[in-house]
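The structure appears right after this line, and notes come after that.
In what follows, chains carry the letters A, B, and so on, assigned in the order in which the sequence lines appear, proteins first and then strands, with residues in each chain numbered from 1.
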Amino acid sequence: MQEYLRDQIQRVLSQMGDVPDGFAIEFQVPGNPDHGDLACNVAMRLAKAFRKAPRPIAEELVEKLSAVPLDEGKIQRVEVGGPGFLNFWFASDYLIEGLKGVLDGADEYGKSPVAREEDSPAKGSRQKTALVEFVSANPTGPLTVGHGRNAVLGDTIANLLSWSGYDVSREYYFNDAGRQMRVLSESVRARYLAKVDPNIGTKTIGSDDEKIVVPEPFPDDGYLGEYIEEIASEIFTKHGSKLAQDADSEVFKTFAEKKIFAEINATLERLGIRMDSYFNEKTLYDSGQIWKIVDRFKELDLAYEKDGATWFKTTEFGKDSDTVLIKSSGEPTYRLPDIGYHVNKIERGFSLIIDVFGADHIATFPDVINGVKSLGYDPSGIDVVIYQFVTLVRGGEPVKMSTRKAQYVTLDDLMDEVSEDVTRFFFLMRSANTHLEFDMDLAREASEKNPVFYLQYAHARICSILRKAEEVGFVADKNAELSLLEHDSEIALIKVLQRFPDVIAGASAAREPHRVATFLREVAVQFTQFYSQCRIIGESADLASARMLLAIASKIVLRNGLTVLGISAPDRM
RNA sequence: GCGCUUGUAGCUCAGUUGGAUAGAGCGCUGGAUUCCGGUUCCAGAGGCCGGGGGUUCGAAUCCUCUCAAGCGCGCCA
């Protein structure tokens, strides 16, 4: 439709004056139905070039457009509105074609065709690929609520890209060799030793307001969660006391890592998330890649040695200070493997590389990009999605969390309390860069106050109508005369449904899943209005069939939208 | 102190690329109901879009200054 109108306007404009080079004709969907179905602002934007007021330009445009009649199957009428907008009203034939499109599309409605690389002919018709890296929590403990937002965002963005025609891979990046894992291992070992010898000495760690008693060998910055205790018990059950003498035993680390990873994956599974690959940071060491990068940085005069450490000249890129790449202990900081990892991703040939991480990581991202660029790679395919932190609210008060005492609500706890569907929806209903307030009381409530239930209810209600129709022996004619749909609420609903593909495409391009959630609410509202104003079963066979098809189309859009968000569309509630 | 993010209705938040009278849900007030699911629908009240200045046909949106909040600024990740 937009292309058609663009061509028409282009043709008329060229007769009216000199259109500036590169002038693009743009359209928008007006918020106010009195302004038609599509609006165009060319008249205002050309006022200066034409040295004329916008309104006369618009009026001339309308006159010229109507002189060579516009396709009546597409456009019903054109008017000048406000300061000089061209307002177009779609013809009902066009709307009906769109409705048929929804029904024909069915489970596929809203999907874009396969996206192909077009920039390089050599690549021919290769499908675009995307790598979405998310979660990426090191296996040191259960996933928290914060990880939940990351996980759900990443997974949904992956869904969106896949609906936009990308071949998508989900990847989990982790490090099981660093300091964190050492502390984890020592924490488990200390708990284990206390089981072997209950008389082992204790000590107190923590600050003045948070004192915690732990076994003597426990690291000062150790992990205090209950799960450490459980892992130690399991090791004790399996190995008895024979590991007590072996200070270097790898068992603590490998056992803990294996168990924690299994739990993380089980948690992700509950959310319907399945990774395609896991990338161990260790790979980058083993291949020698990170050392090559350091050498290259030194050749480029972007790295130097000082105080026994190797530094990255981030001041070259406008930062206040340089950054350590390799500590004086010989161990790299996370920044070096991060650069290596992104080089690795680029070398794997993805068209699009998406990272999802929390606001606390934002400052390190430019270093990675600058590093990648300095090494001669093109970072333009890398896109970062940043999300702000989550606050749980219960009874109007924020839920206090303390990592120190390991008093935090895990993602599993949250799902136990409010269900998987609600968890996903609440993480997706707000834009990623707002601080999310997760209202537990609202989330628990299974009523119209809870936006997820409102959507699911609308879907269930349509299913109920279909069941009812079956009971009374009514079968909708698949070739029903859809032009019988002319009630305001029917027309409004048809128009909303047809926006779905654009919403998906827009949400995908902007990596903003919340647009889908916002849109689905509109669909549910429009459907409910239609439902309350128009009866289906009991009307004449023709009208009942047409309305039934409209209800089925609504069901398709609700269902597909919920599917993209990873939320179930129940037949009954 | 510097950097990033965010300030929109009482609360939680939408607002596309700069567009027409700034929207939704909750809460509040008042109404509807012979119904295919009342987990519903309709109406109303409620706004200095944090504040000042600028850009232009036109600003919640862009620029600038300023105020406030969150996060980051480590040989942690």
Output all residues satisfying side chain to side chain donor-acceptor pair (under 3.5 Å) with Thr314(A), sequence neighbours left out; order by chain, then residue number.
Thr323(A)
Could you write out each protein N or O paired with an N or O of nucleotides 70-73 of chain B at a distance under 3.5 Å?
none

To the nearest Å, give me how far apart CD (Glu133(A)) and C1' (A77(B)) are.
13 Å
Report which part of the nucleic acid Phe27(A) touches: base, sugar-phosphate, or nothing (heavy-atom distance under 4.0 Å, all strands).
base
Nearest of C41(B), G19(B), A20(B) to any side-chain atom of Pro30(A)?
A20(B)
If pairing means Watson-Crick or G-U wobble with both distances under 3.5 Å, then the partner of C2(B) is G72(B)
Figure out the CG/P separation between Leu38(A) and A20(B), and round it to whole Å.
15 Å
Heavy-atom closest pair (Ala569(A) atom, Arg559(A) atom, distance to 0.1 Å) is CB-CG, 4.0 Å
Protein-nucleotide distance (Phe453(A), atom CZ; U40(B), atom C1'), rounded to Å
17 Å
Rounding to an integer number of Å, can you tell me how far His514(A) NE2 sits from U6(B) P?
12 Å
Scan residues 463-471 of chain A against RNA chain B and write down, sorted by residue number, each residue with any heavy atom closer than 4.0 Å; if none is found, say none.
Ser464(A), Ile465(A), Lys468(A)
So Gly506(A), base contact, sugar-phosphate only, or nothing? Heavy-atom distance under 4.0 Å.
nothing
Under the ring pair (Phe, Tyr, Trp, His ring centres under 6.0 Å) rule, what do Phe174(A) and Phe279(A) come out as? Steps first, then yes or no, please.
CA-CA 6 Å; Phe174(A) 70 101; Phe279(A) 192 101; 8.7 Å; no
So which protein nitrogen or oxygen atoms get under 3.5 Å of nucleotides 59-62 of chain B's nitrogens or oxygens?
none

Is the base of G37(B) stacked against the aromatic ring of Tyr457(A), taking ring centres under 5.5 Å apart and planes under 30° as the test?
no
Atom-to-atom span, CZ of Phe357(A) to C1' of C4(B) - whole angstrom:
12 Å
Sugar-phosphate only, base, or nothing, as touched by Ala460(A) at under 4.0 Å among non-hydrogen atoms:
base
Atom CD of Glu522(A) to atom C1' of U16(B): distance rounded to whole Å?
12 Å
Under 3.5 Å, is there a donor on one side chain and an acceptor on the other for His147(A) and Thr144(A)?
yes
Tell me whether the NZ or CZ atom of Arg521(A) lies within the 45° cone about the ring axis of Tyr454(A) and under 6.0 Å from its centre.
yes
Select base, sugar-phosphate, or nothing to describe what Asn87(A) touches, counting heavy atoms under 4.0 Å on all strands.
base
In terms of side-chain heavy atoms of Asp307(A), which of A20(B), C75(B), C13(B) is nearest?
C75(B)
Would you indicate, yes or no, if G15(B) has its OP1 or OP2 atom less than 4.0 angstrom from a side-chain nitrogen or oxygen of Thr518(A)?
no
From the set C13(B), A77(B), C75(B), return the single nucleotide nearest to any side-chain atom of Ser328(A).
C75(B)
Taking salt bridge (Lys or Arg N to Asp or Glu O under 4.0 Å) as the test, write out the residues that go with Lys52(A), two or more places apart.
Glu60(A)
Just to be sure I understand the rule, does Lys319(A) reach a base, reach only the sugar-phosphate, or reach nothing, if contact means heavy atoms closer than 4.0 Å?
nothing
At 4.0 Å (heavy atoms only), tell me whether Arg335(A) reaches a base, stays on the sugar-phosphate, or touches nothing.
nothing
Do Arg461(A)'s NZ or CZ and the ring of Tyr531(A) fall within the cation-pi criteria of under 6.0 Å and 45°?
yes
Who pairs with His435(A) by side chain to side chain donor-acceptor pair (under 3.5 Å), at least two apart in sequence or on another chain?
none
Counting side-chain heavy atoms from CB outward, which of C75(B), C35(B), U39(B) is closest to Thr333(A)?
C75(B)
Spacing of Met429(A) atom CE relative to G15(B) atom C1', expressed in whole Å
16 Å
For the pair Tyr172(A) and Tyr278(A), name the ring-plane relationship: parallel under 30°, tilted 30 to 60°, perpendicular over 60°.
tilted
Return the pairing partner of A14(B) with a 3.5 Å limit on both distances, Watson-Crick or G-U wobble; otherwise return none.
none
Between C75(B), A77(B), C41(B), which nucleotide has the shortest distance from any of its atoms to the side chain of Tyr334(A)?
A77(B)
Where the side chain of Glu512(A) is defined as all heavy atoms beyond and including C-beta, which of U12(B), G15(B), A77(B) is the nearest nucleotide?
G15(B)
So which nucleotide from C2(B), C42(B), G19(B) ends up closest to the side chain of Gln529(A)?
C42(B)
Quiz question: going by heavy-atom distance under 3.5 Å, is there a donor-acceptor pair between the base of A20(B) and the side chain of Asn41(A)?
no
With both distances kept under 3.5 Å, what pairs with G44(B), Watson-Crick or G-U wobble?
C28(B)
Tell me the closest heavy-atom pair linking Ile504(A) and Leu160(A), and the distance in Å.
O-CD2, 4.0 Å
Counting only side-chain nitrogens and oxygens, does Asn433(A) get under 4.0 Å of the OP1 or OP2 atom of U5(B)?
no
Take the protein atom CZ of Arg430(A) and the nucleotide atom P of U8(B), then report the distance between them rounded to whole Å.
13 Å
Starting the side chain at C-beta, find the nucleotide from C13(B), A20(B), A77(B) nearest to Pro83(A).
A20(B)
Between C76(B), G15(B), U21(B), spot the one nearest the side chain of Arg179(A), thanks.
C76(B)
Using 30° and 60° as the class limits, which term best fits the ring planes of Phe438(A) and Phe427(A): parallel, tilted or perpendicular?
perpendicular
